[in-house]
Amino acid sequence: MAAISPLRFTGMSSGIDTDAIIKSMLQIQQLKVDREIRSRINLEWKQTGLTQINTDITDFRNTFLSVLGSKNVFSSATFNTKTASILGTDSGALTVTAGAEAVSGVYTVKSINSLASGANVTSNSTVTADGKGLADASGKVLGAKLGDLQGKFASSFSFDANNKLSFKINDKTFEFSKDDTLGTLINTVNADATANATISYDGLTDRFKLESKTTGSASTLKFSDVSGDFLRSARLTSTSSKKVSIGGAGLSDGTSFNPPYDVALKDLKFATELEFKPVTLGVDDDDYPIIEQGISFKIGNKEFAFSMDDSLWEVLATVNASSEANVKFSYDVADDRFNITSQDGSPLALFEDTNGSNFFAATELPQSTVKGGTSAQLTLTIDGNDVDVERDSNTFTANGITYKLNAVTKTDEVPNPTPIRFEVKQDVQPTIDKIKEFVTAYNSLVEKLTKLVTETKTTQQRKVTALTDADKEGMSEEEIKLVEDVAKIGLFHNDAGLSSMLSSLRNALYEKIEGTGLSPADIGLGTYGYASGSSWREKSGQIDLDVDKLKAALEKDPDAVTRMFTSVSTATDKATKYKETGFFSKITESFANYESNYRKDAVSRLTTQLSSQIQRVLDLEDKIQERSERYYKQFAAMETMITKLQSQQSSLAGLIGGSTAQ
C-alpha cells in the first residue's frame, strides 16, 4: 500500500530538479494507475446505472402494476367504470353512484318513505328563564365560559368542590371546569368516538339537542349527570318546567326552613294544590284492601300509591328503590323543582298520574323522552313489482349501486310522489384516461432503456474518458459534468439483459391472450413502425396509442378487453400459462426475468470486478511508491558524492591559493 511521501530537500548540491526528474521517470507507471482508475470509475458508473434502472422499473411497477399503486391499472375496476345519473328533473332527494359491480340499466325508486336517524332528545322547554337564549355579559354563547353561563340557566347547574361538573353519555364520562367554554364542551363531546353522540345548542329555540351518531331502529342513547346536573339544567332530563311551590319559596308546611322531605303530602304548599283520591295501599291481615285518601301514579309498568299522610321523602325513596321503575326522582329545595331521570341513563320510561290524582301535574314535570332511532325506508320498482327496502343508514350500497337518501318524498301531503328514475351505464372515458397515463409512463421508461442499449460514441467521443482527481484540477463543475456525460455514453450498449427485456415487452404487445382473441395491438396499443419516419428508431418499442380504436373495443366488449389486460393464468404448463397471461402480467414477468436472470448477476459481477480493480490500483500505487523511494535514494547518494567532491575541491583550492601567496 502506498505510504505518505516524506518531506525531502533535494538538489541542494547538484542543483538538479530531482522531483521533476523522478516524476518523469515514473510517468509510464502513473499512466498505468490512471488507466486502472478510469476503468474503476466506469465500473462504478455502470453499478450506479444498474441501480437507477432497477429504481425506474420498480417505481413504474409500484405505481401502475401494484394493487397499492396510486395509478394502479392492474384491476378489473379500471376497465369497468360505471356511472349513475338521474333521469328527468333532479329533486335532490336521492344521490346515486355506481361501482364496477353495478349492472347497466334503468332503475326506479318509487318513493323515499323515511330517513334514518339516531336516537335523540331535545330540551323539553327553553333553558333560560325568558327563553331568549344563552349569552354571557359580552354576548358570547359558544365562546362563553360555563362559569359565566351558570346563572343564565333557568335551572342553574352547579360545580363540585373542585369547580368541576361531569356527565356521562353512553360509555364516556366527560368533565369540565368553570373556565371551559360552552363551545369546548360541545366540541369535546362531538369529537369523542366512545360517546358516539353529538350535542348542540340552538339559540333561536333556546334548546339543546343530544343525538346518537349511530342511525337506525337499533340506535340507542344513554346519558346521565354525574355531578353538577348540567344535563338537567339543559332540560335534556325531565325537570319541572317552573317552580312548584306557592310563590316559588319552596315546598314546606310553613313551620320549618328545613328541607320538607319529612313533611306529609297533605301539608306541602304546592302552587297547584294536590288532589287526593281513594287509593289502595295494600291489604290488611285479613286480605282486605287498605283504602285511604292519597295519590297514585305510574312509571313505566310500575304502579305507585301513597297516603296523604306519607311524607315526600317516603315517595322519593320508594320510587328510587324500585328497580322496575328504574328512575332517580328528586326535589331541589333551592331551585324549587323536581327532576326525574333514568337510573342507568337509558331512555326515560313514560310517567303519568292515575286514578284521578294530579301529583305529576303539580310537580310541573314534562315528559322528556328519548326518541328512538329510525331506519331509512324506500320503495323500489323492480321488474314491475314494488319492493320495500329498509336500512339503518341513509347511505348504503346494494348490487354495486350506492344510494344516498337526502329527503323524504312520500308524505301525508304527497302520498304518491313522482318516481325517481336513474340510469347506470358503462363509462369508458376514465379507463381511457388511465390507459393514457400508463402508456405515457411506459413509453418514458422504454425510451430511457432503449437509449441505454442503442447509444454509441462517435470517433471523437471515444477519445473522452473518465476523469481522475488529477484531471479535474483547474476544471469547473460544469466542465467536469460535460466531460463525464460524454464519457458515460455507451456504458450499456447492446446490454444482453436490457435487450432481452425490451424484446419481450415489444412481443407482448402483439401476442393474443387465449380466451379473448385479442392482443394489445388489436385494440390500439401497437408500436411505432417505419411509417413514423425518422423518429421510428427513437420511438422503437414504445406504444403508439390509437384512442379511437381503444374506445371502440371498450364499448363493444369491455369484458374481453379487461381479461386481455388483467388475466392471471392458473395453468401449471409453462406454455399454456404464458398464452393465458394478460398483458400487464406479461410486463411484470418481463421485469422479473430481467431482475432474476440478468441484473442480479450483473451487479454481483460488477462488485467482484470493482473489488479487483481497486486492489490493482493499490498494488500499482505501492509499486510506484517503492520505485520512487529507490530513485530518491539513488539521487540522495549522488548528492552525497557531489557534496564530498565539492568539499575536496574547496580544500584543494585552499592549498593551491596558500602556496601561491608564499
Side-chain angles (χ1 to χ4, degrees), residues 42-43 45-67 69 71-74 435 437-456 488-514 519-521 525-529 532 535-545 564-569 574-609:
N42 281 333
L43 290 175
W45 283 345
K46 198 160 187 177
Q47 194 175 54
T48 301
L50 285 172
T51 300
Q52 186 59 52
I53 290 169
N54 184 61
T55 298
D56 292 341
I57 292 174
T58 300
D59 288 347
F60 176 81
R61 186 175 56 210
N62 289 344
T63 301
F64 292 96
L65 302 175
S66 168
V67 293
K71 299 177 181 179
N72 173 37
V73 292
F74 205 165
I435 294 298
E437 272 193 295
F438 167 83
V439 168
T440 298
Y442 177 90
N443 286 348
S444 177
L445 176 62
V446 169
E447 179 184 23
K448 185 173 183 179
L449 298 179
T450 300
K451 181 180 180 181
L452 291 176
V453 172
T454 59
E455 65 180 0
T456 57
K488 290 177 181 178
I489 293 175
L491 280 176
F492 292 93
H493 179 67
N494 284 340
D495 182 88
L498 291 178
S499 297
S500 177
M501 179 176 66
L502 289 169
S503 177
S504 67
L505 291 175
R506 192 161 44 246
N507 291 338
L509 289 166
Y510 292 93
E511 293 167 341
K512 293 186 185 295
I513 310 304
E514 198 161 290
S519 70
L525 279 76
T527 56
Y528 287 91
S532 58
S535 64
W536 171 73
R537 291 192 180 279
E538 296 176 6
K539 294 179 176 292
S540 175
Q542 296 181 41
I543 295 174
D544 182 13
L545 179 62
M564 189 279 298
F565 275 111
T566 65
S567 288
V568 177
S569 176
K574 189 174 182 180
T576 302
K577 184 174 183 178
Y578 186 79
K579 290 179 181 179
E580 295 176 351
T581 297
F583 175 61
F584 290 146
S585 290
K586 280 186 169 66
I587 292 177
T588 302
E589 188 175 339
S590 295
F591 291 154
N593 286 338
Y594 168 71
E595 172 66 21
S596 60
N597 297 331
Y598 294 99
R599 199 192 74 84
K600 281 186 177 179
D601 289 343
V603 170
S604 177
R605 193 164 53 250
L606 280 173
T607 300
T608 301
Q609 291 174 348

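Computation of the quantities below employed the complete heavy-atom set of this structure, encompassing side-chain atoms and omitting hydrogens, waters and symmetry-equivalent molecules. Just so you know, residue 1 is the first one in the sequence shown, and it goes up from there.
For the side-chain hydrogen bond (donor to acceptor under 3.5 Å, both in side chains) test, no residue two or more places apart in sequence or in another chain qualifies with Lys577. Scanning for salt bridge (Lys or Arg N to Asp or Glu O under 4.0 Å) contacts around Asp59 gives an empty result, with sequence neighbours left out. With sequence neighbours excluded, the residues that form a side chain to side chain contact (heavy atoms under 4.5 Å, CB included) with Thr576 are Ala571, Asp573, Glu580. Glu595 is linked by a salt bridge (Lys or Arg N to Asp or Glu O under 4.0 Å) to Arg599, counting only residues two or more places apart in sequence or in another chain. Every residue meeting the side chain to side chain contact (heavy atoms under 4.5 Å, CB included) condition with Ala441, not counting sequence neighbours, appears here in chain and number order: Phe60, Phe64. Scanning for side chain to side chain contact (heavy atoms under 4.5 Å, CB included) contacts around Asn597 gives Asn593, with sequence neighbours left out. Residues forming a side chain to side chain contact (heavy atoms under 4.5 Å, CB included) with Lys586 (at least two apart in sequence, or on another chain): Ala508, Glu511, Ile513, Tyr578, Thr581. For the side-chain hydrogen bond (donor to acceptor under 3.5 Å, both in side chains) test, no residue two or more places apart in sequence or in another chain qualifies with Glu589. Taking Lys579 as the reference, nothing meets the salt bridge (Lys or Arg N to Asp or Glu O under 4.0 Å) condition, with sequence neighbours excluded. With sequence neighbours left out, Glu437 forms a side-chain hydrogen bond (donor to acceptor under 3.5 Å, both in side chains) with Lys71. Partners of Glu455 under the side-chain hydrogen bond (donor to acceptor under 3.5 Å, both in side chains) rule, at least two apart in sequence or in another chain, do not exist in this structure.
Taking both residues in full, the closest heavy atoms of Thr527 and Arg506 are given as CG2-CG, 4.3 Å, listed atom of the first, atom of the second, then distance. Ser567 and Ser585 make their closest contact through O-OG, 3.5 Å (heavy atoms, listed as atom of the first residue, atom of the second, distance). The two residues Phe492 and Leu50 have their closest heavy-atom pair at CE2-CD2, 3.6 Å.
With a 6.0 Å radius and a threshold of 12 heavy atoms from other residues, nucleotides or ligands, Lys512 has its NZ atom above the threshold.
Residues Ile587 and Phe438 have side chains in contact (heavy-atom distance under 4.5 Å, counting atoms from C-beta outward). The closest side-chain heavy-atom distance from Leu525 to Leu545 is below 4.5 Å. The shortest distance between side-chain heavy atoms of Gln52 and Asp56 falls below 4.5 Å. Looking at Leu449 and Tyr594, their side chains never come closer than 4.5 Å, going by heavy atoms from C-beta outward.
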Just list the side-chain donor-acceptor pairs under 3.5 Å for residues 496-503, sequence neighbours left out, or say none.
from: Ser499; atom 1: OG; to: Asp495; atom 2: O; distance (Å): 2.8

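Rounded to the nearest 0.5 Å, atoms CZ (Phe584) and OG1 (Thr566) are 8.0 Å apart. Here the OH atom belonging to Tyr442 is positioned 12.5 Å from the CD1 atom belonging to Ile435, to the nearest 0.5 angstrom. Residue Leu505 holds its CG atom at 8.0 Å from CG of Leu445, rounded to the nearest 0.5 Å. Distance check, rounded to the nearest 0.5 Å: CG of Asn62 to CD1 of Ile57 gives 11.5 Å. Rounded to the nearest 0.5 angstrom, Leu452 CG and Lys46 NZ are separated by 10.5 Å.
Side chain of Asn443 to backbone of Ile543: a donor-acceptor contact under 3.5 angstrom is found.
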